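Everything quoted here is computed from the prediction, not taken from an experiment.
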Number of protein chains: 2
Amino acid sequence: MYLGYKGALLSSNGDPRIRMATLPAKPDMKDRILETADRLFYLQGIRAVGVDTIAAEIGISKRTLYNHFPSKDALISAYLARRFVAPRPSDKSPVEQILGTFDSLERRFSAKDFRGCPFVNAVAELGEDRSVRKIAVAFKESRRLWFRDLLAQLGIAEAEALATQLALLVDGSIAQDLVRNDPAMARAAKEAATVLLKNAGVKVGAADRQKKRTAKKRRPRSAS
Amino acid sequence: MYLGYKGALLSSNGDPRIRMATLPAKPDMKDRILETADRLFYLQGIRAVGVDTIAAEIGISKRTLYNHFPSKDALISAYLARRFVAPRPSDKSPVEQILGTFDSLERRFSAKDFRGCPFVNAVAELGEDRSVRKIAVAFKESRRLWFRDLLAQLGIAEAEALATQLALLVDGSIAQDLVRNDPAMARAAKEAATVLLKNAGVKVGAADRQKKRTAKKRRPRSAS
DNA sequence: GCCTAGGTACACAGGTCTGTGTACCTATTT
DNA sequence: AAATAGGTACACAGACCTGTGTACCTAGGC
């Protein structure tokens with residue numbers, strides 16, 4: 001027997017007036033669908049997850065899903081749009097923000113539900129789909145520009161080129177971690193980023209270099 | 001009417017003795033299947049390509065395909081195994097080999113049939129598939145070790161760490177090019193790699209830095 | 001001349017996928 | 001009280017997928 005969401009369960013279960021007044025105050029069905037689709041798409045792959053699966057996971061009927069999204073493609077687009085979050089402004093120094101990026105990455109790599117960059121994965125999976133490519137490019141460029149502006153604040157002449165290189169390190173560590181499942185890739189990227197920054201004339205303080213709580217079996221003298 | 005491959009066409013087309021002696025010397029059906037699967041899997045994605053499509057592309061029946069590979073999974077494994085090519089030994093200096101990697105990448109990026117790293121793509125698409133992950137890790141590690149050994153030849157102390165960083169740049173540029181379709185990502189990676197090498201005490205000659213045929217709108221003084 | 005290996009053609013089982021149609025049920029608004 | 005909005009249950013169309021069954025045909029080796 002299919003029960004669906006709680007409201008249905010209760011109301012099909014005796015006196016309908018028993019149901020709690022706030023129950024059908026479901027927190028926006030559309031959001032629930034999107035959130036579930038996000039999780040499944042990201043963890044298992046877009047093609048690997050059918051709309052049936054998404055609906056079943058929430059406990060709604062497929063019909064309801066299609067009442068909120070006209071097609072799976074629309075759901076995919078919404079999924080990627082939802083993943084496009086701009087970095088929030090910070091009080092920290094530009095250098096701290098730049099290097100902190102790699103600390104964040106390391107934390108995310110350590111989470112067991114990290115599965116690479118959703119945009120890169122989507123492009124890899126969906127190939128030449130125009131809209132997917134478009135949003136993926138926009139995302140990559142937004143992060144590059146974020147780096148560039150921070151570097152510009154530091155007065156770096158080659159901010160453009162260096163921002164691109166930092167973006168390479170970010171995506172490289174993500175790809176490597178996706179395959180290897182090794183959060184140390186983020187540390188390696190941070191060390192490389194530090195060298196690049198220093199080479200561009202940025203003063204990198206020791207506090208920026210050593211932020212980690214647990215340094216596991218690292219050679220202490222490894223320069224950067 | 002279905003004709004299939006040339007041998008069938010000719011022999012069903014009048015006197016059977018007309019057929020050229022070497023025609024059914026088909027260059028190993030298995031290889032043809034694998035080569036076609038490779039092309040389609042790589043360009044369109046593994047899940048996106050059915051065995052029907054592969055068979056139709058060659059002009060053979062699906063039955064023939066299944067006589068050579070017991071399942072699609074086996075075909076996928078063979079595809080990835082085929083992509084696992086170790087870098088061939090070279091006479092060039094270690095530095096030239098390392099930096100030449102990025103020149104090769106730029107050339108590959110410029111080809112219109114480049115679609116990222118097949119191993120990363122397969123992991124992104126197939127998720128937690130054990131055998132896929134295994135071969136992908138092996139491939140990534142083999143390249144990292146190749147870098148490491150070249151660096152060791154140069155007497156670099158931190159060969160391990162630096163090799164990892166170079167690998168990050170390689171995969172970063174691949175991911176970025178997959179999304180952006182911009183071969184310049186390889187140049188950016190090469191410039192970053194040059195900085196890292198110099199920082200490790202490697203002497204990088206001008207010949208290593210300037211190998212490109214056409215330098216398009218580059219600031220001439222951009223350090224590396 | 002016969003046998004075998006490896007093709008071909010074609011049907012089909014059984015599953016999954018996206019997307020729709022339809023009838024009903026319930027809560028809120030008017 | 002009636003209408004509306006947004007659920008549910010369920011069937012189904014139509015496509016596509018992997019994989020199998022079967023009967024045939026042909027070239028080459030014995």
Side-chain angles (χ1 to χ4, degrees), chain A residues 1-33 37 40-41 44-56 58-77 125-126, chain B residues 1-33 37 40-41 44-56 58-76 126:
Chain A
M1 178 197 181
Y2 177 77
L3 290 178
Y5 94 106
K6 276 188 183 173
L9 182 148
L10 289 186
S11 62
S12 72
N13 198 9
D15 188 335
R17 285 174 310 172
I18 287 184
R19 63 164 274 282
M20 287 177 282
T22 54
L23 240 196
K26 50 243 164 190
D28 261 339
M29 182 64 78
K30 192 161 186 171
D31 286 352
R32 288 211 293 162
I33 295 170
L40 296 180
F41 282 164
Q44 296 175 224
I46 292 173
R47 286 195 122 104
V49 174
V51 289
D52 286 292
T53 310
I54 296 167
I58 317 177
I60 62 174
S61 69
K62 194 169 48 165
R63 204 71 188 83
T64 301
L65 189 151
Y66 274 106
N67 284 341
H68 285 281
F69 296 91
S71 67
K72 188 183 179 182
D73 273 4
L75 194 52
I76 295 170
S77 293
E125 195 171 351
L126 270 26
Chain B
M1 181 197 181
Y2 177 78
L3 290 179
Y5 95 105
K6 275 190 184 172
L9 184 147
L10 287 186
S11 61
S12 72
N13 197 9
D15 189 335
R17 287 172 310 172
I18 287 183
R19 62 164 270 283
M20 286 176 284
T22 54
L23 238 196
K26 50 239 161 187
D28 262 337
M29 183 64 79
K30 192 162 186 170
D31 286 352
R32 286 212 293 162
I33 294 170
L40 296 180
F41 282 163
Q44 295 174 224
I46 293 172
R47 286 194 122 104
V49 174
V51 290
D52 287 291
T53 310
I54 297 168
I58 317 175
I60 63 174
S61 69
K62 194 169 47 164
R63 204 73 189 81
T64 301
L65 188 150
Y66 274 106
N67 284 342
H68 286 279
F69 296 91
S71 67
K72 189 183 178 181
D73 273 4
L75 193 52
I76 295 170
L126 271 26

inquiry  = Using the rule salt bridge (charged side-chain N to carboxylate O under 4.0 Å, His left out), only one of Lys72(B), Lys62(B), Arg63(B) pairs with Asp52(B); which is it?
reply    = Lys62(B)
key: Distance, rounded to the nearest Å, where Asp73(A) contributes CG and dC17(C) contributes P   = 16 Å
message = Once you apply a heavy-atom cut-off of 4.0 Å, does Asn67(A) come out as touching a base, just sugar-phosphate, or nothing?
response = nothing
task = Starting from C1' on dC17(C), measure out to CD1 on Ile76(A) and report it in whole angstrom.
result = 12 Å
message = In whole Å, I'd like the distance from the CD1 atom of Ile54(A) to the P atom of dT18(C).
response = 8 Å
inquiry  = In whole Å, I'd like the distance from the CZ atom of Phe41(B) to the C1' atom of dC17(D).
reply    = 12 Å
ask   = When the distance from CZ of Arg47(B) to C1' of dC16(D) is rounded to whole Å, what number comes out?
value = 14 Å
inquiry  = Under the criterion side-chain contact (heavy atoms from CB on, under 4.5 Å), I'd like the reasoning laid out for Ile76(B) against Leu126(B): C-alpha separation, chi angles, the key distance, then a yes or no.
reply    = CA-CA 11 Å; Ile76(B) 295 170; Leu126(B) 271 26; 4.3 Å; yes
ask   = Which nucleotide in the set dG7(D), dG19(D), dT18(C) lies at the smallest distance from any side-chain heavy atom of Lys72(B)?
value = dG19(D)
remark   = Gln44(A) CD to dT16(C) P, in whole Å, measures 14 Å
query = Quick one: which of dT8(D), dT18(D), dG19(C) gets closest to the side chain of Ser61(A)?
reply = dT8(D)
request  = Find the distance Ile46(A):CD1 to dC17(C):P and express it as a whole number of Å.
outcome  = 15 Å
ask   = What is the distance, rounded to the nearest whole Å, between atom CG of Leu65(B) and atom P of dG21(D)?
value = 17 Å
inquiry  = So for Lys62(A) and dG19(C), does any side-chain atom that can act as donor or acceptor lie under 3.5 Å from a complementary atom in the base?
reply    = yes
message = Donor-acceptor pair, distance only, cut-off 3.5 Å: does the side chain of Lys30(A) make one with the backbone of Leu65(A)?
response = no
task = Can you check whether any acceptor in the base of dG21(D) is under 3.5 Å from a donor in the side chain of Arg63(B), or vice versa?
result = yes
message = dG7(D), OP1 or OP2 - any side-chain N/O from His68(A) closer than 4.0 Å?
response = yes
inquiry  = Can you see if the side chain of Thr64(B) gets near the phosphate of dT8(C) - specifically, an N or O under 4.0 Å from OP1 or OP2?
reply    = yes
key: Donor-acceptor contact present, side-chain Glu125(A) to main-chain Gly45(B), <3.5 Å   = no
note = Quick note, Tyr66(A) side chain, CB onward, closest among dC17(D), dG19(C), dG19(D) is dG19(C)
ask   = Could you state the interatomic distance from CZ (Arg47(A)) to CD1 (Ile46(B)), rounded to the nearest 0.5 Å?
value = 11.5 Å
